[in-house]
Asker: 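Got a structure for you, questions after.
So that the names make sense, note that chain A is the first sequence line, chain B the second, and so on, each numbered from 1.
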There are 2 protein chains.
Amino acid sequence: MDGGDETAIRTQVLDAAEELFYGRGIQAVGMDAVRSASGVTLRRLYQLFPSKGELVEAYLLRRDRRWREELAAAVDRAGGSAADRVLAVFDWLDRWFAAPDFRGCAFVNAFGELGGTAPEVAAAARHHKDALRGYLAGLTVEAGATAATGDHIALLAEGAITLAAVSGAPSPARSAREAARLLLAPAVESARPPSG
Amino acid sequence: MDGGDETAIRTQVLDAAEELFYGRGIQAVGMDAVRSASGVTLRRLYQLFPSKGELVEAYLLRRDRRWREELAAAVDRAGGSAADRVLAVFDWLDRWFAAPDFRGCAFVNAFGELGGTAPEVAAAARHHKDALRGYLAGLTVEAGATAATGDHIALLAEGAITLAAVSGAPSPARSAREAARLLLAPAVESARPPSG
DNA sequence: CTGCGGCGAGAACGAACGTTCTCTTCGGTA
DNA sequence: TACCGAAGAGAACGTTCGTTCTCGCCGCAG
C-alpha cells in the first residue's frame, strides 16, 4: 500500500483528483476526498501540491496534454484523406461522449466554476481551446480549406461537446460531423483533379 | 431603502443573485453576499427563498425566460428574409459577447459547477438548451432548410458562446455567422424562383 | 543501545458558509 | 396608553473545508 516513489504517488494523486474534479466539480471536492481516493496521506498530498490551487492547475495541465494527445493519436490512426482526418475528430468525440463518465469539457466546466475568480484556471482553459483551434486549423488547411473553415470546424466541435454534456446524448457528434462534411465539401471538390 | 412590496423585493434579490452567480460562479457566492448586494435582510431573503438551492433554481428559471425572450425579440426586430433572421441570431450573440460582464452561458457554467451533484441544475440546463434548439430549428425550417440544418446552427451558436467566453473575444460570433450562412446557402438557393 | 529525523494517521485550527435565533424597534389597534 | 405581531440588524450555531500540528512508530547513524 506504500505507493512507491514520488512520481508514482503523483500519478495516483492526479488520477484520483481528475476523476473527482471532473465528475463532481472542483469546489465540491475537498482535499480529504482526494486523499482518501488516492490512498495517500494528507501530509504527502501537501508535500506534492502545496495548495489545492496547485493541484487544480496540475490536474488541468495534465488533462490538456493527454486529451489532445489522444485526439491526435485517434486522428492519426484513422488515416484516409485529409478531409477524412478532419471528420475523424468527430468520430473520436462520438466515442468520448458515449463514455459513462463523460461530463463535458473539463476546461469549460472549470472555467464556469472558477474562471471568474481564478485567473490561472481561465488561462488554462484559454490555452486548451487555443491549442485545439490550432490543431483543427492545421487539419483543415491540409484538407484544402481555409483557416476560416478551421474555425468553423472548431465551433462545431465545441458546440458538440457542450450539447452532448448537457443533453446527456452523444448525437451532437454525428450532427457536427455532418455539418463539418458540408463545410469541407467545396474545398474537397476543388482539390479534385478538374473533371471537365 | 425599504424596497416596497414582495414582488419588488423578489426582483431586487434575483437581480443581485443573477449578477453575483453569473459573474463569480454559484458556489463562490454566499447568501450573505446576495443579502448585502440586494440590500435586503437575511430574514426576508429566506422568507422568499427558503434555501440557496431554491434561489439558484429561481435564478436559472428567470434567466432562461428572459434570455430567450431577448433573443426572439432581437430576431423579430431584425426582419428580412427567413435566412436573414437566422443570421440575426449571431448578430445578437455578437453584441452579447461584447458586453463587459459576459462570461459565457449561465446554464453551461451552472452545469459544469453543479450538474454532477444537483439534478435540478442539470435539468434546467437541459431545458434551456432544448428550448434554444427548438427555436433555432423553427427559424431554420422557415428559411427552407431541414431540421438537421437547424441542429447544425445550434451547434455553431453553442460553440460560439463557449469559445467567446473562454477566449474573451467576441469574434466567434462572426465566424459562426459565416459558417451558418454557408450551411444555409443551398436551401436559400433552392428556395429562389428557378432562374433557368 | 540511544537518539534522531521522517512518516502515517488523524486530531486540531481558523475561516467561511448556510441557516436559525435573539434582541430591539416600530406601526397599528383597542 | 398598552399590547401584539412583524421585521431590521446582526449574532450565533453547526458544518465543512483548506491547512497545519501532534503523537506515536520505525529505520538508521553513532
Asker: Taking atom C1' of C/dT19 as reference, at what distance in whole Å does atom CZ of B/Arg44 sit?
Answerer: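 My rounded result for the distance is 18 Å.
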Asker: Not counting sequence neighbours, which residues clear ring pair (Phe, Tyr, Trp, His ring centres under 6.0 Å) with A/Phe97? List them please.
Answerer: A/Phe102
Asker: Can you sort out the partners of A/Thr149 under side-chain hydrogen bond (donor to acceptor under 3.5 Å, both in side chains), two or more places apart, ordered by chain and number?
Answerer: A/Thr146
Asker: Is there any side-chain hydrogen bond (donor to acceptor under 3.5 Å, both in side chains) pair reaching into residues 93-120 of chain B, and which pairs are they, with sequence neighbours excluded?
Answerer: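 Matches after skipping sequence neighbours: B/Asp94-B/Arg174.
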Asker: When the axes are fitted on five pairs at both termini, how much does the helix from C/dC1-D/dG30 to C/dA30-D/dT1 curve, in 10° steps?
Answerer: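 Result, rounded to 10 degrees: 30°.
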Asker: CZ of B/Arg24 versus P of C/dA16: gap in Å, rounded?
Answerer: 14 Å
Asker: Any chance you could list the contact pattern along nucleotides 13-22 of chain D? Use B for base contacts, S for sugar-phosphate-only contacts and - for none, protein heavy atoms under 4.0 Å, 5' to 3'.
Answerer: -----SBB--
Asker: Any side-chain to backbone donor/acceptor pair from B/Ser175 onto B/Ser171? Under 3.5 Å, distance only.
Answerer: no
Asker: Using the ring pair (Phe, Tyr, Trp, His ring centres under 6.0 Å) criterion, which residues pair with A/His128? Sequence neighbours excluded.
Answerer: A/Trp67, A/Phe107
Asker: Residues of residues 113-121 of chain A with any non-hydrogen atom less than 4.0 angstrom from an atom of DNA chain C: list those, numerically ordered, please.
Answerer: none
Asker: Quick one: side-chain hydrogen bond (donor to acceptor under 3.5 Å, both in side chains) partners of B/Arg35, sequence neighbours excluded?
Answerer: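 With sequence neighbours excluded, B/Arg35 shows a side-chain hydrogen bond (donor to acceptor under 3.5 Å, both in side chains) to B/Asp32, given in chain and number order.
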Asker: Which residues pass the side-chain hydrogen bond (donor to acceptor under 3.5 Å, both in side chains) test with B/Asp151, not counting sequence neighbours?
Answerer: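 Counting only residues at least two positions away or on another chain, B/Asp151 forms a side-chain hydrogen bond (donor to acceptor under 3.5 Å, both in side chains) with B/Arg133.
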Asker: Suppose we screen for side chain to side chain contact (heavy atoms under 4.5 Å, CB included). Which residues come up paired with B/Arg43, at least two apart in sequence or across chains?
Answerer: B/Thr41, B/Gln47
Asker: Identify, with sequence neighbours excluded, every residue that meets salt bridge (charged side-chain N to carboxylate O under 4.0 Å, His left out) alongside A/Arg10.
Answerer: none
Asker: Residues in side-chain hydrogen bond (donor to acceptor under 3.5 Å, both in side chains) with B/Asp130, at least two apart?
Answerer: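 Partners of B/Asp130 by the side-chain hydrogen bond (donor to acceptor under 3.5 Å, both in side chains) criterion come out as none, since no residue qualifies.
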